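Just so it is clear, the values below take in all heavy atoms, side chains as well, and ignore hydrogens, waters and symmetry mates. Small disclaimer: the values here were computed from a predicted structure and weren't measured. Chain naming here is simple, since letters A, B, ... match the order of the sequence lines and numbering starts at 1 in each.
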2 protein chains.
Amino acid sequence: MNHTIIFQPSGRRGLVPEDTTILDAARRLGVGIEAVCGEQLVCGKCRVKIMEGSFPKEGITSSMAHLSGLDEKEIKVLKRKDSDENLRLACSTRIKGDVLVFVPEASRTGKQVVSKAAGKIRVSLKPAVRKFYVELPHPSLDDPLGDFERLEQALEEAHGLKKLRIDFRALQRLPDVLRRSDWKVTVTVWQKAEIIRVEAGKVETNIGLAVDIGTTTCAGYLTDLNTGEVIATESMMNPQVRYGEDVMSRITYCMLNEETGLRELQQTIIEGLNAMAKQASHKAGFTPEDISEMTLVGNTAMHHILLGINPEHMGVAPFTPALHQSVDIKADRFGIHILPAGNIHVLPIEAGFVGADNVGCLIADVPHKRKEITLLVDIGTNGELVLGNRDKLISCSCATGPALEGAQIEFGMRAAPGAIERVKIDPETKEPAYKVIGSNRWSDGEANMQAKGICGSAIIDVIAEMFRAGILRKNGQINMECDSKRVRKGEKGVAEYVLAWRHETSIDQDIVVNQKDVRAIQLAKGALYSGCLIMMRRLGLTQFDRLAVAGAFGSHIDKVAAMIIGMFPDCDLKKVKYIGNAAGDGARIALLNVDKRKEANEIARKVEYVELALEEDFNDRFGEAMQFPHMFDPFPHLAGILPPEVLNIEQHV
Amino acid sequence: MNHTIIFQPSGRRGLVPEDTTILDAARRLGVGIEAVCGEQLVCGKCRVKIMEGSFPKEGITSSMAHLSGLDEKEIKVLKRKDSDENLRLACSTRIKGDVLVFVPEASRTGKQVVSKAAGKIRVSLKPAVRKFYVELPHPSLDDPLGDFERLEQALEEAHGLKKLRIDFRALQRLPDVLRRSDWKVTVTVWQKAEIIRVEAGKVETNIGLAVDIGTTTCAGYLTDLNTGEVIATESMMNPQVRYGEDVMSRITYCMLNEETGLRELQQTIIEGLNAMAKQASHKAGFTPEDISEMTLVGNTAMHHILLGINPEHMGVAPFTPALHQSVDIKADRFGIHILPAGNIHVLPIEAGFVGADNVGCLIADVPHKRKEITLLVDIGTNGELVLGNRDKLISCSCATGPALEGAQIEFGMRAAPGAIERVKIDPETKEPAYKVIGSNRWSDGEANMQAKGICGSAIIDVIAEMFRAGILRKNGQINMECDSKRVRKGEKGVAEYVLAWRHETSIDQDIVVNQKDVRAIQLAKGALYSGCLIMMRRLGLTQFDRLAVAGAFGSHIDKVAAMIIGMFPDCDLKKVKYIGNAAGDGARIALLNVDKRKEANEIARKVEYVELALEEDFNDRFGEAMQFPHMFDPFPHLAGILPPEVLNIEQHV
């Protein structure tokens with residue numbers, strides 16, 4: 001039995017089978033509803049308002065109702081925030097009749113502001129895929145050698161290529177192409193070993209696509225393999241976002257939907273990659289078939305899901321990945337629509353929590369070739385740290401959780417229009433000023449800024465500013481003694497600071513930062529900081545020479561704000577370098593140079609992984625690092641910005 | 001617009017779009033209609049009788065008709081034999097309205113008697129695919145090495161396997177299988193290089209499938225790779241037969257249907273192979289996924305079509321194939337449903353007309369390792385000859401045409417029930433006796449034998465017997481001076497010999513052998529004989545030590561009859577060996593021993609191909625070889641069977 005569902009305000013409508021959840025119906029109809037926790041009934045982000053259609057409650061029995069009833073868990077999640085009795089969680093409400101559903105703005109997925117532009121990279125050109133033009137002697141009755149062997153001989157004579165194989169898809173076209181082109185052809189050769197394409201006449205175009213699959217954002221760089229130049233950049237949301245925003249909720253989705261979950265997620269990213277290949281190639285005037293190779297980086301979960309490998313075992317101790325080394329797979333076996341005989345090269349991964357994205361950072365930033373000690377920090381949903389130099393490198397993964405990216409935060413959201421991205425607080429008045437993505441002006445507490453929530457960079461900002469303004473104590477407690485109407489007790493008596501008044505927002509509520517949000521950030525930064533400390537101790541270091549901050553998110557963080565909250569140990573801010581989307585740079589480098597692939601495999605195995613949880617004093621170090629900026633460590637480089645006593649430094653009289 | 005078509009006597013019916021040919025409609029509805037010439041309007045085998053439904057003729061205009069009109073070519077082909085004005089050629093008649101069509105028995109495809117049983121082969125076991133049982137140390141937080149690398153280490157320690165790759169399909173299952181089996185697994189390794197399957201626990205079953213793709217018949221041998229034993233044999237008609245019986249008509253079909261023809265033919269054989277793999281594996285109690293590898297032989301056209309390579313260029317001078325060397329393709333890329341990561345190994349081919357089937361014969365009969373001179377004759381639609389020994393081997397292809405297999409013969413048919421398979425003629429009375437497939441008794445000229453036509457072995461028999469009985473002269477002419485009512489002038493005054501009277505047949509006609517049939521056999525045997533002569537001359541030989549006759553067809557030929565008509569030069573009949581389906585044996589040998597694959601590639605390139613058409617005196621030698629048994633060559637070994645004067649030998653007084 002099918003029922004009609006209509007979504008407002010988009011107006012999308014469709015027929016769905018009985019017992020479909022509202023969230024699944026939304027996915028089918030292309031309506032974006034936030035699903036942060038992966039249908040775990042935890043985040044409550046997917047709440048929708050039932051405008052028409054009843055569900056079982058007083059006076060309405062199950063058989064009369066248009067929707068399934070509420071269970072205790074849903075009631076608990078809903079009660080946390082709302083008393084509107086027509087609100088339901090889209091993930092757990094099943095359709096039993098015709099319904100009209102309103103998706104509140106707070107529950108809508110926005111189009112993320114993607115900023116993974118291609119940076120400048122330096123790499124010598126030695127791509128895996130090369131093209132060779134060759135002219136063949138015509139066959140005759142005296143010389144009836146087969147087409148492939150004839151081509152093989154000509155390639156050896158003209159280009160010294162030996163013992164080549166030919167992919168059967170190239171072979172299928174070989175006889176016709178040779179004869180059509182009067183035996184003058186251009187051959188695409190992969191790894192000096194295999195012919196993957198034969199084209200008539202002389203063809204110089206040789207392009208590849210490097211892709212960084214982020215948990216949230218994917219960036220593709222269509223690259224000219226003859227020049228190394230990026231000829232088209234294509235960014236998109238990772239379409240898996242609709243199955244959950246963070247890695248764990250996607251892994252959970254795979255586990256809960258044993259038969260189909262993994263396949264569904266894999267198919268979703270493959271379709272995304274196909275769309276990306278199509279758009280990027282069209283933008284540059286080519287077809288996807290012209291793309292001879294694709295290189296990919298991503299964290300271990302993205303890596304496993306892309307390859308169709310159950311990621312669940314990486315989520316439990318001892319966190320072993322399915323494999324470390326890089327993988328080459330024929331595009332056609334994988335459903336990727338580039339040159340069918342072309343390869344997908346997936347970079348190696350270091351450990352269960354240190355993925356191919358990190359390997360990409362390494363071959364881009366090359367700490368393993370430097371004399372100086374580098375601390376490389378890649379902040380995503382997990383924080384990945386690498387410390388060392390050409391003598392030794394160690395890595396670890398910090399369970400920062402998604403808080404730094406705005407999840408687990410009451411009003412947290414992705415960097416999308418409507419998100420508050422910068423915050424200043426006047427230490428005297430405790431009044432804030434903020435900027436919203438999509439607008440250039442600072443708030444004044446009066447104008448409607450159409451604010452919708454707080455994204456990652458602003459969360460760092462607001463916590464740092466609250467601390468600097470004395471609204472937060474060193475231990476993270478909100479100081480209720482502050483003389484400001486913005487500091488108050490909210491629902492259930494939880495302390496909070498009002499960042500935007502209801503009239504400034506588009507969601508018809510005050511946007512606040514509460515004690516729980518602060519704790520979430522403290523946990524995240526504590527994990528990062530204690531990771532840094534343990535790594536430094538492991539190498540016997542008290543300081544480092546460079547702090548390389550990678551990641552699109554990283555490049556939006558205010559250096560000073562990050563140091564104020566103590567995301568990393570004290571250092572000269574001049575030593576802090578934003579290296580941009582180094583993971584994506586690594587994918588481009590691997591596309592352009594096969595030696596770098598070898599280097600990637602070597603370095604992936606050489607980096608020593610430190611399992612933080614195995615350190616005996618991990619909990620103590622973690623606890624100390626929860627404080628702003630740290631319980632004991634001195635932060636001399638913040639002198640003048642914060643009072644000496646919170647910086648654990650001697651006061652200069 | 002769709003029309004209903006009903007086929008009689010099968011009663012199959014269905015809706016087909018306007019302008020579908022009757023032949024295509026039959027294919028769709030699974031009705032077998034002979035299509036020997038590949039829709040070339042030459043053979044006339046596909047004639048059907050229109051029972052209901054009109055076509056444009058006197059009194060019926062095109063717009064009223066249910067079928068397309070006759071063109072001159074169709075009229076010409078039809079007139080050759082029939083005057084029934086409701087007969088049409090199924091291949092060229094298009095459906096324009098509802099029709100009822102009767103398929104006469106002579107036009108029906110019968111189920112061929114397939115006899116490609118697996119012979120005994122001797123080969124040491126060294127298969128490409130091997131299984132290895134291994135127990136892995138459990139991972140721990142101290143040892144969180146990835147699953148694949150862990151497996152790699154264990155395989156190196158336990159079995160000395162090094163530098164293995166893993167196919168991504170095996171990788172996908174690796175983490176789950178390892179954990180489910182308590183880290184005890186059996187790994188399937190291809191060519192000591194790549195892991196293609198991981199199974200829980202200890203598994204010994206290791207099977208492969210060797211297939212001989214004949215133009216008419218395919219034979220599959222499911223083989224235990226641990227013992228070399230054939231555990232199931234599966235035979236089938238090559239399903240491409242419905243696109244034309246001989247190689248040239250299939251190539252023509254590809255050429256005429258440029259966009260889809262090749263793909264259609266390829267898909268047809270792939271589906272056939274899938275059915276074969278399924279049946280064979282089920283027969284032995286396995287699933288098709290248990291088949292770890294498939295080896296394939298076939299002539300060059302079957303080879304190219306299977307691989308999806310346009311075969312048309314091989315059909316025109318200088319007859320170059322797309323490639324010689326063997327090919328390995330992942331089953332899943334090819335749509336073959338065995339182990340998806342398993343390989344399809346297609347054996348190499350020698351030249352445009354000497355295919356992988358011949359290479360199969362070579363590695364089975366190993367003339368290249370013998371001291372004696374072997375003449376290897378593989379009679380199919382083409383005759384393929386190899387001559388020589390361990391010092392040198394040469395090969396050639398003789399355009400025997402399909403006459404020896406019963407095509408191009410007025411009453412020729414495949415070896416199917418109803419086919420006459422053995423013939424004797426009394427030299428005195430000129431009365432024949434024959435046997436029909438499906439019955440054990442000899443004909444007596446009276447009983448209805450349900451005879452339908454003459455298959456290949458009987459054609460050799462009847463021509464030999466006609467010659468022996470004086471019905472044929474040495475030059476092949478039918479001797480009209482014979483005193484027998486069976487020797488007569490037939491239609492259009494063509495001389496013929498009545499083999500079966502109308503009342504003995506199921507087709508309501510006399511079955512005759514006419515002058516044109518004799519000429520067709522003379523051409524075929526002349527091609528074969530002159531090929532032998534030219535090859536022997538090339539090697540400076542006047543005789544050979546062994547005559548190895550390969551092929552399922554070859555093994556049905558009567559040795560004496562073959563020598564009487566002069567299919568090959570005179571020799572001691574004891575030297576003639578039937579080596580059975582040597583091509584299929586070769587496929588099995590390649591499945592069981594990788595060194596034999598190497599040998600196959602080497603021998604394929606080492607055999608020197610002789611292009612007979614390039615020999616200056618080819619036409620003269622061919623002309624001489626047209627006579628029975630030969631114009632000049634003596635046939636001492638037939639002394640006593642034929643009179644000395646026709647054997648070109650001195651009479652012993």
Side-chain angles (χ1 to χ4, degrees), chain A residues 138-152 165-169 171-176 178-179 262 266 304 307-314 317-325 327-330 332-334 340-341 344 346 348-353 605 609 611 613-614, chain B residues 138-152 165-169 171-176 178-179 262 266 300 304 307-314 317-325 327-330 332-334 340-341 344 346 348-352 605 609 611 613-614:
Chain A
H138 289 223
S140 67
L141 283 172
D142 286 328
D143 170 23
L145 186 66
D147 295 347
F148 169 65
E149 282 78 6
R150 182 173 302 276
L151 177 63
E152 216 182 5
R165 300 188 302 276
I166 184 165
D167 185 274
F168 83 104
R169 293 199 182 270
L171 177 64
Q172 287 177 334
R173 297 188 182 176
L174 180 64
D176 290 335
L178 282 174
R179 285 160 185 83
L262 172 59
Q266 186 196 20
H304 277 47
L307 292 175
I309 303 168
N310 184 353
E312 113 184 45
H313 310 300
M314 267 183 331
F319 316 109
T320 43
L323 97 168
H324 297 281
Q325 64 183 236
V327 177
D328 290 294
I329 304 174
K330 290 277 176 185
D332 65 347
R333 294 187 73 196
F334 213 58
I344 311 299
V346 185
I349 61 185
E350 290 164 42
F353 287 114
R605 297 310 304 279
Y609 180 68
E611 181 56 58
L614 290 185
Chain B
H138 289 224
S140 67
L141 283 172
D142 286 328
D143 169 24
L145 186 67
D147 295 348
F148 169 64
E149 282 78 7
R150 181 174 303 277
L151 178 62
E152 216 181 5
R165 299 189 303 275
I166 183 165
D167 185 274
F168 84 103
R169 293 199 183 270
L171 177 63
Q172 287 177 335
R173 298 189 181 176
L174 180 63
D176 290 335
L178 282 174
R179 285 161 184 83
L262 172 59
Q266 186 196 20
T300 47
H304 277 47
L307 292 175
I309 303 167
N310 183 353
E312 114 184 45
H313 310 300
M314 267 183 334
F319 316 108
T320 44
L323 96 168
H324 298 281
Q325 64 183 236
V327 177
D328 289 294
I329 304 172
K330 290 276 176 186
D332 65 347
R333 295 188 71 196
F334 213 58
I344 310 299
V346 186
I349 61 185
E350 290 165 41
R605 298 308 305 278
Y609 181 67
E611 181 55 58
L614 290 184

Smallest heavy-atom separation, A/Gly146 atom then B/His324 atom, equals N-NE2, 2.7 Å
For each of A/Arg150, A/His313, A/Glu312, A/His138, tally heavy-atom pairs with chain B at distances under 4.5 Å, and name the one with the top tally. A/His313
Do NZ/NE/NH1/NH2 and the carboxylate oxygens of B/Asp167 and A/Lys330 come within less than 4.0 Å? no
Side chain, backbone, both or neither: which part of B/Ile329 has a heavy atom under 4.5 Å from chain A? side chain
Among A/Ile349, A/Ile166, A/Asp176, residue most engaged with chain B (heavy-atom pairs, under 4.5 Å): A/Asp176
Considering non-hydrogen atoms only, spot the tightest contact between A/Thr320 and B/Pro139 and give its length. CG2-CB, 3.7 Å
Heavy-atom donor-acceptor pair, B/Glu149 side chain to A/Gln325 backbone, under 3.5 Å: yes
So for B/Gln266, is it side chain, backbone, both, or neither that comes closer than 4.5 Å to the heavy atoms of chain A? side chain
Kindly give the heavy-atom pair with the smallest separation between A/Pro321 and B/Pro144, and that separation in Å. CD-O, 4.0 Å
For A/Arg173, I'd like to know if atom CZ has over 12 heavy atoms of other residues, nucleotides or ligands within 6.0 Å. no
Residue pair B/Asp142 / A/Leu614, side-chain heavy-atom distance below 4.5 Å: yes
Heavy-atom check, side chain of A/Leu307 versus side chain of B/Gln172, under 4.5 Å: no
For residues A/Ala317 and B/Leu141, report the shortest heavy-atom separation together with the two atoms involved. CB-CD2, 4.4 Å
So what's closer than 4.5 Å to chain A heavy atoms on B/Asp332: side chain, backbone, both or neither? side chain
Give the member of A/Ala322, A/Ser140, A/Gly308 that has the highest number of heavy-atom pairs under 4.5 Å with chain B. A/Ala322
Which bit of B/Leu171 is near chain A, if near means a heavy-atom gap under 4.5 Å: side chain, backbone, both or neither? both
Partners passing salt bridge (charged side-chain N to carboxylate O under 4.0 Å, His left out) against A/Asp147 (at least two apart in sequence or in another chain): A/Arg179
Tell me, do B/Phe168 and A/Ile309 make a side-chain contact under 4.5 Å, heavy atoms counted? no
